[in-house]
Amino acid sequence: MAASEGATESNLRHAFGNVLSFFILLLIGVLAFSIRLFSVIKYESVIHEFDPYFNYRVTQFLTKNGIYDFWNWFDDRTWYPLGRVIGGTVYPGLTLTAGTLWWILNSLNIPLSVETVCVFTAPTFSAIAAWATYLLTKEVKGTGAGLTAAALLAMVPSYISRSVAGSYDNEAVAIFALIFTFYLYIKTLNTGSLLYATLNAIAYFYMVCSWGGYTFIINLIPMHVLLCIVTGRYSSRLYIAYAPLVVLGTLLASLVPVVGFNAVMTSEHFASFLVFIVIHVVALAYYIKGILSPKMFKVAVTLVLAVGLVVCSAVIAVLIAMVASSPTKGWSGRSLSLLDPTYASKYIPIIASVSEHQPPTWPSYFMDINVLAFLVPAGIIACFLPLSDASSFMVLYIVTSVYFSGVMVRLMLVLAPAACIMSGIALSEAFDVFTRSIKCQLPGVSQNSQIDVGDSTSGSVVTQDEVVKTDKTEDSLKERPSKKNKKKERERERENVEKASIKTPIQKRLLVLPLESSVIALLLLVLLGAFYVVHCVWAAAEAYSAPSIVLTSRSHDGLHVFDDFREAYAWLSHNTEVDDKVASWWDYGYQTTAMANRTVIVDNNTWNNTHIATVGTAMSSPEKAAWEIFQSLDVKYVLVVFGGVVGYPSDDINKFLWMVRIGGGVFPHIKEPDYLRDGQYRIDSQATPTMLNCLMYKLSYYRFVETDGKGFDRVRGTEIGKKHFKLTHFEE
């Protein structure tokens, strides 16, 4: 009777816990969505930055013309006179996702525009990413850690910076795909289910469709598999989790036009194939061990290892032969810049010139992940107590993501989910210890609860040990069904239970802390959480909500809004012919085609370094030479962004040295020292004649003296060197 009452009470508590978890996750989703709406509330519903305008334009084409025309779209508005095949050069995941959402909403008679769907895609997927984080962390350390990690991810500034309303870029859906792929891998690893393994390959396919960062997945998972094999944690579940992913995942990845045969021909994917061979050799060795006697097994395993070594060597030789002709040995420029942080600055200035490819500073870590940086080490320690296949994967994930985020500031985005998961585990474990300690020492219930907690603690310790042992014994029983092994395993289990029962009183004392210390520690953790929330809300509202297309500044007479970008594109749209060609630095190419609907010479795709170098050379040349270059490209208008009047620092004068470097990389007569005075970049009276006479200087500072009579540049903080000049080949 008492047992049935206890079971009923346990079921009720379990059901209540599930309902509570559901409502907490619902609130986390609302939080993740709403905290990203500051940009819409403070400004308007508008697409941000540069790349999102291209994605928006492509989505418009998809919804208007259909998917067949999308795959075969040749865009003659970009990279004149070369053009660009859109279907074969974009990651289509974001576009297809937003297009599908738009189609579903319109099918339900919810008449939202394509632009509105694009603006709110990122906040929507942020909520879904938080739920995926809950699932992943729950598989590693339980429900409490999962809920905490989901709440942290919903607010983490690093993720907010790439997923505010209007930030319609690939990362908007790719981070969800990354987390969900990892969740399905861990789920397969814990269950050994082929269904989850198949779903894992499909999730990986969606990640490949969404973002070039999919190579992180196809290298991290093989690293974890190899780690498990080396540390003696091989099991049939590991094989099921990995082998279908490599086979199905690679086949599906090769269907994406922008990837194609790169899925099997580039060095980024070779690690997965080598580990695929290794795991088959190990699986064969375990199978032979189960059916042969020890003596025969030694002979057989020697043969298997020899054959495996020969096969591995042959595969490596083939792979080396495939990439030997490539000067980068089959690696892409971005991958090489991750492995060697100095590579891009030495050999590919076009990659080094992008601000998000620069290494981060220490303050940017505190800005983007805040207090999580201090909680991550505690989470790593918690993952070792005890160490499972799932927790070892999370440790490997955080270690690799910390390295890559240190090389490229853009990859702080990959670090954010790992930091949130580790911090969620750390906070959950800490809350568990402190609340249990308080419960054990409350007046009136301390004696009973101490006994209960002691029992449950020892039980949990035995269970954790048994989980690890059970995994191994299950696999060994399946693979080695001999009677001797069964007896040995039973003896080991008895020893483990005895050891756990001996450790129980010691652990009871360790896990129950003094009442005052526990209360103070809980208050400090709550205070830490409050500080994190305040910082995240501030970052969402102030630091990351402003769209770069609309500029604002505050002065003594209030807030000033500068809408110069959209006004310039509107001027081009209304005052130029449809077939006119516009030259600008590549940063503004996507916006010009999307908002002004004019043909551009270069844009943000940066696939043709020579074409970009030609524009850089024109900007760096004297006026007549630049005019000749632009005439050869049929250019009728040149767009220059200058911020010296209003104090906008991201203007073309500040980017000019990159134009010189990229232009000089292809055309040797452009030399960077010619534009520097004693190694310093100057625009004042000490500037070099080459600098003062180049086209960029003239177009930026033409009639600049008329603004204040002195020609004072507010960004550079100095008076310009050449104030009075006329343009002979260009007209403002």
Side-chain angles (χ1 to χ4, degrees), residues 45-122 124-125 166-174 177 205-206 208-212 252 254-260 549 566 569-570 572-574 576-582 588-608:
S45 180
V46 63
I47 304 290
H48 292 203
E49 302 293 338
F50 301 107
D51 289 8
Y53 272 93
F54 169 75
N55 297 325
Y56 168 53
R57 180 167 168 257
V58 172
T59 308
Q60 278 186 313
F61 185 92
L62 172 68
T63 54
K64 185 178 179 181
N65 299 284
I67 192 166
Y68 184 79
D69 287 339
F70 164 71
W71 289 125
N72 295 283
W73 180 21
F74 179 80
D75 186 9
D76 58 357
R77 289 277 179 192
T78 60
W79 292 92
Y80 180 84
L82 305 174
R84 178 184 174 189
V85 179
I86 299 296
T89 57
V90 296
Y91 289 96
L94 176 69
T95 302
L96 294 176
T97 301
T100 304
L101 286 174
W102 177 85
W103 179 80
I104 291 170
L105 290 170
N106 278 268
S107 300
L108 297 172
N109 290 321
I110 304 173
L112 293 179
S113 66
V114 175
E115 183 182 16
T116 304
V117 173
C118 293
V119 166
F120 292 102
T121 295
T124 303
F125 272 84
S167 183
Y168 184 57
D169 211 347
N170 291 330
E171 293 91 335
V173 297
F205 171 59
Y206 182 64
V208 175
C209 288
S210 302
W211 192 33
L252 290 170
S254 62
L255 296 177
V256 182
V258 71
V259 177
I549 199 79
R566 290 193 294 184
Y569 297 133
L572 280 170
S573 179
H574 293 116
T576 61
E577 298 296 328
V578 176
D579 293 329
D580 286 345
K581 282 72 180 177
V582 179
Y588 317 109
Y590 281 163
Q591 290 182 346
T592 305
T593 50
M595 285 197 275
N597 193 27
R598 292 297 176 266
T599 304
V600 296
I601 307 303
V602 293
D603 65 23
N604 310 56
N605 188 237
T606 65
W607 67 275
N608 190 313

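Just one residue in the list Thr59, Leu62, Leu101 forms a side-chain contact (heavy atoms from CB on, under 4.5 Å) with Leu96, and that residue is Leu62. Each of Asp76, Asn608, Thr89, Asp603 was evaluated against Arg84; a single residue qualifies, Thr89, per the side-chain hydrogen bond (donor to acceptor under 3.5 Å, both in side chains) test.
Atoms CD and OG1, on Gln60 and Thr95 in that order, are 11.5 Å from each other to the nearest 0.5 Å. The CD1 atom of Ile67 sits 10.5 Å away from the CG atom of Asn72 when rounded to the nearest 0.5 Å. Taking CG of Asn597 as the start and CG of Asp580 as the end, the distance is 11.5 Å to the nearest 0.5 Å. The CG atom of Asn170 lies 5.5 Å from the CG atom of Asn55; values are rounded to the nearest 0.5 Å. Put simply, CG on Leu105 and OG1 on Thr100 are 10.5 Å apart, with the number rounded to the nearest 0.5 Å.
With sequence neighbours excluded, the residues satisfying side-chain contact (heavy atoms from CB on, under 4.5 Å) with Tyr206 are Thr97, Phe125, Val173, Phe176, Ala177, Ser210. For Asp51, the salt bridge (Lys or Arg N to Asp or Glu O under 4.0 Å) test picks out no residue, with sequence neighbours left out. Listed by chain and number, the residues in a ring-ring contact (aromatic ring centres under 6.0 Å, His included) with Tyr168 amount to none (sequence neighbours excluded). For Ser254, the side-chain contact (heavy atoms from CB on, under 4.5 Å) partners two or more places apart in sequence, or in a different chain, are Ala263. By the side-chain contact (heavy atoms from CB on, under 4.5 Å) test, Ile549 is found to be paired with Val46, Tyr53, Pro547, Phe565, Arg566, Tyr569, Gln591, Met595, residues two or more places apart in sequence or in another chain being considered.
Side chain of Lys581 to main chain of Asp579: a donor-acceptor pair is present (N/O by atom type, distance under 3.5 Å, no hydrogens or angles). At distances below 3.5 Å, at least one donor-acceptor pair connects side-chain atoms of Arg598 with backbone N or O atoms of Glu577. Side chain of Asn604 to main chain of Tyr590: a donor-acceptor pair is present (N/O by atom type, distance under 3.5 Å, no hydrogens or angles). For Asp169 (side chain) and Glu171 (main-chain N/O), no donor-acceptor pair under 3.5 Å exists by modelled atom type.
Between Gly166 and Pro52, the closest heavy-atom pair is O-CB, 4.3 Å. Counting all heavy atoms, side chain and backbone alike, Ser167 lies closest to Ala172 at O-CB, 4.1 Å. Nearest heavy atom pair, residue Val600 against residue Gly589, reads CG1-O, 3.9 Å. For the pair Pro111 and Asn106, the tightest heavy-atom approach, listed with the atom from each and the gap, is CA-OD1, 3.9 Å. Residues Gly87 and Pro257 come closest through the heavy atom pair O-CB, 3.7 Å.
Counting only heavy atoms from C-beta outward, the side chains of Asn605 and Thr78 never approach each other to under 4.5 Å. Side-chain contact between Phe61 and Asp69 is present, with at least one heavy-atom pair separated by less than 4.5 Å.
For residues 77-117, every residue pair satisfying the ring pair (Phe, Tyr, Trp, His ring centres under 6.0 Å) rule, not counting sequence neighbours, is listed here: Trp79-Trp607, Trp79-His611.
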*Starting from the C-alpha separation in whole Å, work towards a yes-or-no answer on side-chain contact (heavy atoms from CB on, under 4.5 Å) for Leu252 and Leu255.*
CA-CA 5 Å; Leu252 290 170; Leu255 296 177; 4.1 Å; yes
*side-chain contact (heavy atoms from CB on, under 4.5 Å) between Val119 and Ile47, intermediate numbers included*: CA-CA 6 Å; Val119 166; Ile47 304 290; 3.9 Å; yes
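Annotation for Tyr68: atom OH does not count as buried by contact number, only 12 or fewer foreign heavy atoms lying within 6.0 Å.
Phe50 and Tyr588 have perpendicular rings, their planes meeting at more than 60° on a 0 to 90° scale where under 30° would count as parallel.
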